[in-house]
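Report on the following structure.
Bear in mind that the values here come from a model prediction, so they are computed numbers and not experimental data. Note that ligands are numbered from 1 as they come in the structure, with each ligand's atoms numbered from 1 the same way.
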Amino acid sequence: MSLQTQPYKGARDFYPEDKRIQKFMFNKLRRAVETYGYEEYDAPMLEPLDIYLAKSGSEIVNDQTYTFTDRGDRQVVIRPEMTPSVSRMVAAKRNQLNFPLRWYSIPNLWRYERPQRGRYREHWQLNVDLFGEASLSAEGEIINLASHILKSFGATNEMFEIRLNSRKFMEYLAGQTFSLNAENSLSLFKLIDRKNKIDQEVFNEQALGILSGQEDVDRLLYILDLDDIRNIPKELSSADGIVDIQTLISNLSVNADIGKVVFDPNIMRGFDYYNDMVFEIFDTHPENNRAMMGGGRYDGLVGLFGVEPVPTIGFGLGDATLLNFLQIHELLPTVSPETDLAVLLLNEESNDSQSLVAELRKQGLNIAVDFSDRKVGNKIRWAESKGIKYIIVLGQDEIDSQILSIKNLSDGSSETVELNLVGKYLKN
Ligand code: HAM
């Protein structure tokens, strides 16, 4: 029996044409976050299990981690998210670091999930986090930046929607409005988090098991259906978190370019570390109506590493959801390969042709050389199939005269250029 060629379930191979697209996306992401002063960091792919047990939430820890015991008997996890790692790094240098910190990374993460459109077991995730700012201006910056990222790919306001909620408000709702204890509050939050994945009847039935009667279930459903903070019932208008959401929405609306920002009490976010504002950004396209980014404020996580807490807010953006978004809205350009030029040798490889190509590389060009003995026509078709835009057919005449004919494969035109000017010509 021969060996399987498929990659591991839920993980992707990246052939050069796929990697090129990933590089294009990551370059844009880096550029977009660096314009806001964010600096790149990284951390190991393996972490001790404990850092997720504390606050990542039971679904991630119990159902989704790749956990194993290493040869030294340590319980190790392949990181399912970056937030605990970056919090650990900040805690380790809590007293040396000069806050605020604006940090980003693009790690690959592993989660044992059911693979489906836009969901893999291995995905890459842009993580953007702002450490050391407690004011709502931090929320403002982070959400403006999230929107700026999508805009930098050419997205328009109609293509996405920013949905905001507050954990503080949800705690108030559970504790004050519905008089739930901590355990039932948590059950209610988990249920709301699943609301879009289950039937309304099932939701109703399970809500009845947590709340004290149908009247409260109806009240909850009324609140979950709100899409405008101005319609919040009077008795909740000064509840914890509500004024902050109102202020944030009004601050964000100063930027007309930010896209649609709405209050959405269904946004719970599965992680236990969020303590205040939470948000997700959804693709509005009917065939891809899902969250591309998610994040929120998590002021207590750094402090769990035994140092003074640091107010923090951040978000993650998945590569696969971003790619689906770009494809469905036709925002993904054709990404050319890095190779600028193919030099097709007419004769067998010679020292003269090698030094000529070396001279061209010195001019800053990326060059693939075809030294095979197949026909020129086949060599040209090979260059075309690689997406290489320019070719030079190199024979003894060209070596002697140092004058080269450069053919543009995309429009069929040719130009004669002196050897020492080829780099300049192609870069223009
Ligand atoms: P998350 O909501 O789990 O948050 O992930 C953020 C984004 O990563 C999601 O909106 C989605 O686009 C993408 N994503 C997550 N899981 C998968 C998957 N299995 N396959 C493909 N894409 C996926 C977090 O991970 C938080 N730690 C983010 C954060 C950073 N919060 C504060 N700072």
Side-chain angles (χ1 to χ4, degrees), residues 8-12 22 25 29 33 38 41 43 47 51-52 54-61 63-66 77-90 101-131 133 138-139 141-143 145-146 149-150 160-163 165 167 193 196 266-283 288-302 310-326:
Y8 173 75
K9 185 174 176 182
R12 293 160 286 172
Q22 193 193 56
M25 294 198 316
L29 293 176
V33 295
Y38 284 72
Y41 67 92
E47 289 280 4
I51 74 166
Y52 306 102
K55 282 276 177 193
S56 284
S58 57
E59 192 193 7
I60 279 261
V61 174
D63 307 332
Q64 297 187 343
T65 49
Y66 283 82
V77 171
I78 306 180
R79 60 186 175 200
E81 57 155 339
M82 199 62 167
T83 312
S85 303
V86 70
S87 302
R88 175 180 64 66
M89 285 171 65
V90 171
L101 311 174
R102 289 181 166 82
W103 284 9
Y104 80 90
S105 61
I106 314 181
N108 56 333
L109 309 175
W110 284 85
R111 297 183 188 177
Y112 198 81
E113 287 199 56
R114 191 169 62 79
Q116 49 187 302
R117 184 181 153 81
R119 282 266 18 127
Y120 293 96
R121 289 186 172 170
E122 184 191 35
H123 80 283
W124 275 255
Q125 192 188 87
L126 170 72
N127 274 253
V128 179
D129 293 277
L130 172 51
F131 292 86
E133 282 290 357
E139 272 77 356
E141 172 169 305
I142 281 288
I143 293 172
L145 171 51
I149 288 171
L150 297 177
F160 61 93
E161 187 173 272
I162 303 164
R163 302 187 189 165
N165 194 17
R167 280 282 182 95
D193 201 29
N196 289 334
N266 296 280
I267 301 295
M268 278 311 307
R269 309 275 305 134
F271 303 96
D272 293 345
Y273 45 68
Y274 294 120
N275 64 299
D276 197 339
M277 211 66 83
V278 282
F279 71 96
E280 290 190 340
I281 300 192
F282 277 71
D283 187 345
N288 196 42
N289 194 227
R290 60 187 318 145
M292 289 183 279
M293 306 191 201
R297 183 169 275 289
Y298 55 104
D299 295 333
L301 195 51
V302 171
V310 178
T312 307
I313 176 164
F315 67 87
L317 159 67
D319 68 328
T321 36
L322 175 63
L323 182 60
N324 285 340
F325 174 79
L326 298 178

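Contact atoms of ligand 1 toward Y274: 26 (C), 28 (C), 29 (C), 31 (N), 32 (C) (distance under 4.0 Å to a heavy atom of the residue). Of all atoms in ligand 1, listed by their number and element, those nearer than 4.0 Å to a heavy atom of M292 are 7 (C), 9 (C), 10 (O), 11 (C), 12 (O). Of all the atoms in ligand 1, the ones that sit under 4.0 Å from a non-hydrogen atom of G318 are 7 (C), 8 (O), 12 (O), 13 (C). Atoms of ligand 1 found under 4.0 Å from any heavy atom of D129 (numbered from 1 in listed order, with element): 30 (C), 32 (C), 33 (N).
For ligand 1, none of its N or O atoms has an N or O atom of E280 under 3.5 Å away. Taking distance alone, with nitrogen or oxygen atoms compared against 3.5 Å, N127 stays at or beyond that limit from ligand 1.
Only the side chain of Y273 comes within 4.0 Å of ligand 1, counting heavy atoms alone; its backbone N, CA, C and O stay farther away.
Using the six-membered ring where Trp is involved, Y41 and W103 have ring planes that are tilted, between 30° and 60° apart. Ring geometry for F271 versus Y273: interplanar angle under 30°, hence parallel rather than tilted (30 to 60°).
Closest heavy-atom approach to atom 14 (N) of ligand 1 among the candidates R79, R121, H123: H123. Which of R269, E81, R111 comes nearest to atom 3 (O) of ligand 1 through a heavy atom is settled by distance: it is R111.
Residues in residues 116-129 take part in these salt bridge (charged side-chain N to carboxylate O under 4.0 Å, His left out) pairs, two or more places apart or across chains: E113-R119.
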